[in-house]
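Note that the numbering runs from 1 along the sequence shown for the chain. Keep in mind the model is a prediction, meaning the values are calculated, not measured. Quick note: numbers below take in every heavy atom, side chains included, and nothing from hydrogens, waters or symmetry partners.
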Amino acid sequence: MFCKRCGSENPEGAKFCRKCGASIVAGSAASNQSEQQTKAEDANQKTYEGRANHRQQYQQDYTAPLQGGRITVDDLPAEYRPIGMWGYFGYSLLFNIPFIGWIIALVFAFGVTSNVNLKNYARGYFCGLIVLLVIMFLLSLGGCSLLSALS
């Protein structure tokens, strides 16, 4: 048997070509399968072209603003702009106000701002606050049990 795709010789009764891996089917089944294979190859080509177009669009959108091989802060979308040293300092002071600052940290962590960096900083601060409160609670339990044991 000869493969219709690559022309290599295969043993009788083989279902697939040794060389190219194409299916070897007799008669009309072979033509149906070759049509399906052609359709699949066309779909793969369209997918590849779609990915190539997507890659070109990405390069136009995100690498076009490069100046001298570097992205400036002004080139970043507003939701990804960094906070800055004084911003972190100010937000730390704001979040450390008892109760009111904690509520503000919750508000920043779960919705008011679109800046991802500020949102993540507020979430990290709030998680640290929860850890601190749990540690204080455990220490107070240990201190109370120690005091009761001494008395």
Novice: Over all heavy atoms of both residues, which pair between N115 and A78 is shortest? Give the atoms and the distance, please.
Specialist: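 Closest approach of N115 to A78, heavy atoms only: ND2-O, 4.0 Å.
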Novice: Where does the angle between the aromatic ring planes of F95 and Y125 fall among parallel (under 30°), tilted (30 to 60°) and perpendicular (over 60°)?
Specialist: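 Answer is tilted, since the angle falls between 30° and 60°.
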Novice: Group every Ile, Leu, Val, Met, Phe, Trp and Tyr by side-chain heavy-atom contacts under 4.5 Å, then state whether Y88 and F126 land in the same group.
Specialist: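 Linked, Y88 and F126 end up in one cluster.
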Novice: What pair of heavy atoms forms the shortest contact from V116 to Y80, and how long is it?
Specialist: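 Shortest heavy-atom separation between V116 and Y80 comes out as CG2-CE2, 3.9 Å.
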Novice: Measure the spacing between CD1 of I83 and CG of N117 and express it to the nearest 0.5 Å.
Specialist: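 These two atoms lie 5.5 Å from each other.
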Novice: Under 4.5 Å between side-chain heavy atoms, counting indirect links through other Ile/Leu/Val/Met/Phe/Trp/Tyr residues: same cluster for W102 and F110 or not?
Specialist: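 The answer is yes; both residues are in one hydrophobic cluster.
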Novice: Are L129 and L93 connected in the hydrophobic side-chain network, where two residues link if heavy atoms are under 4.5 Å apart?
Specialist: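 No, no single cluster joins them.
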Novice: Might you point out which heavy atoms bring V112 and V107 nearest each other, and give the distance in Å?
Specialist: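 Shortest heavy-atom separation between V112 and V107 comes out as CG2-CG1, 2.8 Å.
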Novice: Under 6.0 Å from the CD1 atom of I100, do we count more than 12 heavy atoms belonging to anything else shown?
Specialist: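 Atom CD1 in I100 is not packed in, count stays at 12 or less.
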Novice: Taking all non-hydrogen atoms of both residues, which atom of A122 and which atom of F108 are closest, and how far apart?
Specialist: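 Taking A122 first and F108 second, the nearest heavy atoms are CB-CB, 3.8 Å.
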Novice: Once you round to the nearest 0.5 Å, how far does SG of C127 lie from CG of N120?
Specialist: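 So the SG of C127 and the CG of N120 are separated by 10.0 Å.
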Novice: State yes or no: do L132 and V134 share one hydrophobic cluster built from I, L, V, M, F, W and Y residues joined by side-chain heavy-atom distances below 4.5 Å, directly or via other members?
Specialist: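 As far as the 4.5 Å side-chain criterion goes, V134 and L132 are not connected within one cluster.
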Novice: When rounded to the nearest 0.5 angstrom, what distance separates CZ in R123 from CG in L118?
Specialist: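 The distance works out to 10.5 Å.
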Novice: How far does CD of E9 sit from SG of C3, to the nearest 0.5 angstrom?
Specialist: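 Here the interatomic distance stands at 12.0 Å.
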Novice: Going hydrophobic residue to hydrophobic residue with side-chain gaps under 4.5 angstrom, can you get from L133 over to I130?
Specialist: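 Yes, it is one cluster - the side chains of L133 and I130 are joined through contacts under 4.5 Å.
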